[in-house]
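So that the names make sense, note that chain A is the first sequence line, chain B the second, and so on, each numbered from 1.
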Amino acid sequence: MKVEYINPFIASVVEALETMLDCDARRGETRVVKAGEQHKDVTGLIGLSGAARGTVALSFPNRTALQVVSRLLGEPASEADDETVCDGVAELVNIVAGGAKSYFCRKGGTPIEVSLPTVIKGNNYTVSHPTGTVWLEVPFDCALGSFSLQVTFDNNGEQTRKQQ
Amino acid sequence: MKALVADDSAVMRRILIGALSRLGITETDEAENGEDAVVAFAGGGYGLVLLDWNMPKLNGFEALKKIRSEDAHVPIIMVTAEAEKDRVIEALKAGANNYVIKPFKPDVIGRKIEETLARVGSK
C-alpha cells in the first residue's frame, strides 16, 4: 500500500473536524503499524469494498472520544454516556470514509462502497494483519486531544490506483 | 409540523432534532433504519422527512423511493456522507427535495431545512 492512498482519508479527517467540531486537526508523521500493537480505547472501523477493499479506522483515547462526541452534540462532556460516545465515533468514521470515497470517485476511480461502522471499546486486544496487508497510521492532535487514523487496503490498493 | 428523522446514528439524530427544534419544529419521530422510517411514515402526518443514506435493513435511498411513492409532496431531505455527484443526482431524480452532505456546519442544516420548506411548502 502506497502512502499517498491515505491522503484522501487525512483530508477527510481534517474537514470533518473543522466543519462539525470547529476544530483544527494537526497531523503527525505517517507510519506503518506493526502487527500486535495495542489500539487506543475507542476505535471506529468501516470496511471499504468495490474497486478497493480495505478498512479505515479512527482510534481515540477515552477522554478524547468523550470530548469529540460532546462537541459534536454541543453538550457538556459529563452528559455523554458510553453508548453515545461509541455512536458518535461510529458516525465520525462514517463521515471520514464517505469523504474519502467521494475523493476517489472524483479522481475517476470506480466507486468504492463503505460498510456500516463498527466500534470496539477497550484496549485489551491486539490486531493481527493478514499476509500482505499493511496498516498505515497517521496521528492527529487537536484542541480536544490526540487520536489516530488507520487505513489498510487489500492488494496494495492497486485497483484504486489504476483507476485514478 | 411533525418531522421524521431517520439515521442509524443516535448522535446524528440528536444533532438533527436539535436543528429542527431551533427552527421551532419540536414534534419529531426517530427511525434508526430505512425500514422503520417507511413504517413510521405510513402512520401519517409528517410534514418533513430527513433521511440518511447508509442505514441497515433498508437504506435511505430505497426508503426515499418508498416514501415518495406514498406521498408525492412531502419535503424529503437526504442528510448523508454519500458525497458523490452521481448519488446526489440519483436521489434528486428519485424525489428528494434537497441533499445535505455530512460533514456540515451546525447552521447549514438549519438553512437547508428552511430553504426546502420555503420552496416545497410544508403542512
Side-chain angles (χ1 to χ4, degrees), chain A residues 8 11-23 25 44 46-47 50 56 65 68-75 79-119, chain B residues 5-23 28 30-37 50-63 78-91 99-112:
Chain A
S12 195
V13 166
V14 171
E15 188 191 354
L17 264 76
E18 189 186 328
T19 308
M20 295 209 75
L21 306 176
D22 194 22
C23 188
I46 271 196
V56 56
V68 163
V69 174
S70 300
R71 176 77 70 94
L72 200 54
L73 285 166
E75 293 173 0
E79 289 179 18
D81 57 25
D82 259 12
E83 197 180 337
T84 303
V85 168
C86 288
D87 187 280
V89 167
E91 182 61 8
L92 205 55
V93 74
N94 178 49
I95 290 170
V96 166
K101 170 177 177 279
S102 140
Y103 173 88
F104 283 122
C105 192
R106 280 200 307 274
K107 291 291 174 183
T110 302
I112 54 174
E113 297 300 324
V114 300
S115 70
L116 294 170
T118 302
V119 174
Chain B
V5 178
D7 196 304
D8 57 333
S9 165
V11 165
M12 186 50 67
R13 293 199 301 273
R14 276 167 68 176
I15 291 170
L16 295 173
I17 287 168
L20 288 166
S21 169
R22 286 190 290 279
L23 296 175
T28 50
E30 301 178 45
E32 60 183 33
N33 60 63
E35 199 174 278
D36 288 354
L50 305 184
L51 279 178
D52 183 21
W53 192 303
N54 287 317
M55 292 189 284
K57 294 191 181 176
L58 187 72
N59 70 41
F61 181 65
E62 294 303 321
M78 299 299 289
V79 185
T80 170
E82 293 287 331
E84 296 94 290
K85 196 176 163 189
D86 286 357
R87 287 281 161 110
V88 179
I89 293 169
E90 208 177 354
Y99 198 101
V100 180
I101 294 168
K102 302 173 187 172
F104 52 77
K105 285 190 181 291
D107 57 322
V108 166
I109 186 70
R111 277 212 309 274
K112 290 275 189 178

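- Atom-to-atom distance recorded for A/Ser102:OG and A/Ile112:CD1 is 10.0 Å, nearest 0.5 angstrom.
- Residue contact with chain B, scored on non-hydrogen atoms closer than 4.5 Å, is absent for A/Glu83.
- Using a 4.5 Å cut-off between heavy atoms, B/Asp7 touches chain A through its side chain atoms alone.
- Residue A/Val69 touches chain B through its side chain alone, counting heavy-atom pairs closer than 4.5 Å.
- The 12-atom threshold is exceeded at CD of B/Glu30, counting heavy atoms of other residues, nucleotides or ligands nearer than 6.0 Å.
- The contact between A/Leu116 and chain B is made entirely by side chain atoms (from C-beta outward), counting heavy-atom distances below 4.5 Å.
- Using a 4.0 Å cut-off between charged nitrogen and carboxylate oxygen, B/Arg22 and B/Asp107 do not count as a salt-bridge pair.
- Here B/Arg14 pairs with A/Glu75 in a salt bridge; the nearest charged N to carboxylate O distance falls below 4.0 Å.
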